[in-house]
Amino acid sequence: MTTLPLKFYQQPTLELAKSLLGCKLVKETAEGVASGFIVETEAYIGPNDQAAHSFNNRRTKRTEIMFGAAGLTYTYVMHTHCLFNVVSGPEGLPEAVLVRAVEPVQGLELMQTRRNNRKKKEWTNGPGKLTKALGIQREDYGHNLTQKPLYIQKGIQPSHVSHGKRIGIDNSGEARHYPWRFWVTDNPYVSR
DNA sequence: TTTTGGATGTCCT
DNA sequence: GGACATCCAAAAA
């Protein structure tokens, strides 16, 4: 398995969101290595996307990393959970891809413990769940995804990919209708 | 300095 | 289907 080069992240955000499906997200911690195939993503394309934190070029301490170069990590704390994004687009353009679900591959015992002995299907089928299962934390903010301990490896492009409206952004005006969510068709680990 | 409001998950009914 | 947990940072005061 080869780690994806920086060049991979430099394609258009919508393309990247699709290309990430089937790739393997890996996190190494002191407790061990945990990884999973990405099966669901969402694109957030700044300044014209009302649902994105970076809407209207809003640049703050939190969204700053979205303006950075492609291939960096954008973590965000929502209520009690942490969400994981991959920054995309050239430097200066605030775009990112949210990873919503993965399929467990490696470090199964570790994930089971972190997910409190739930059913395997429920370990990683949601944006807040997968970060807990893999051990991704707010401290990973700004990390370069071509390096350890958090990186993405080349996978197999799935044969069937579905797309549709994004989730959880009902108060985002017209943007909520954009078909910018992508998932592997019929994969049991997508969030819904 | 205080208030407010989430790109969610879990538990309860 | 609905309440609530529990934290950060933006915005208001």
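Naming: A, B, ... by sequence-line order, numbering from 1 per chain.
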- Task: Compare side-chain N and O positions of T80(A) against OP1 and OP2 of dC7(C) and report whether any pair is under 4.0 Å apart.
- Result: no
- Query: Does A43(A) offer a backbone N or O that forms a donor-acceptor pair with the side chain of T13(A) under 3.5 Å?
  - Reply: no
- In the structure shown, which nucleotide is the Watson-Crick or G-U wobble counterpart of dA7(B), with both distances under 3.5 Å? none
- Partner of dA13(C) by Watson-Crick or G-U wobble geometry, both contacts under 3.5 Å, or none? none
- Message: For dT10(B) and R118(A) - does any side-chain N or O of the residue sit under 4.0 Å from the phosphate oxygens OP1/OP2?
- Response: yes
- Message: Counting the atoms with a prime plus P, OP1 and OP2 as sugar-phosphate, which does K132(A) contact under 4.0 Å by heavy atoms, base, sugar-phosphate, or nothing?
- Response: nothing
- With a distance cut-off below 6.0 Å to the six-membered ring centre and an angular limit of 45° from the axis, does R166(A) pair with Y178(A) as a cation-pi contact? no
- Message: Going by purine N1 to pyrimidine N3 plus the second Watson-Crick contact, or the G-U wobble pair, all under 3.5 Å, which nucleotide sits opposite dT6(C)?
- Response: none
- Item | Donor-acceptor pair between E42(A) and Y44(A) side chains, under 3.5 angstrom | yes
- State whether R138(A) places a side-chain N or O below 4.0 Å from either non-bridging phosphate oxygen (OP1 or OP2) of dA9(C). yes
- Query: So, is H81(A) near the phosphate of dC7(C), with a side-chain N or O under 4.0 Å from OP1 or OP2?
  - Reply: no
- Contact class for I169(A) vs. all strands (heavy atom < 4.0 Å): base, sugar-phosphate, or nothing? sugar-phosphate
- Query: Counting any heavy atom closer than 4.0 Å, what does N171(A) reach on the DNA or RNA strands: base, sugar-phosphate only, or nothing?
  - Reply: nothing
- Assign each of H79(A) and K61(A) the nucleotide of DNA chain C bearing its closest heavy atom; nearer the 5' end lies the nucleotide of H79(A)
- Would you indicate what R115(A) reaches in the nucleic acid, counting non-hydrogen atoms under 4.0 angstrom: base, sugar-phosphate, or nothing? sugar-phosphate
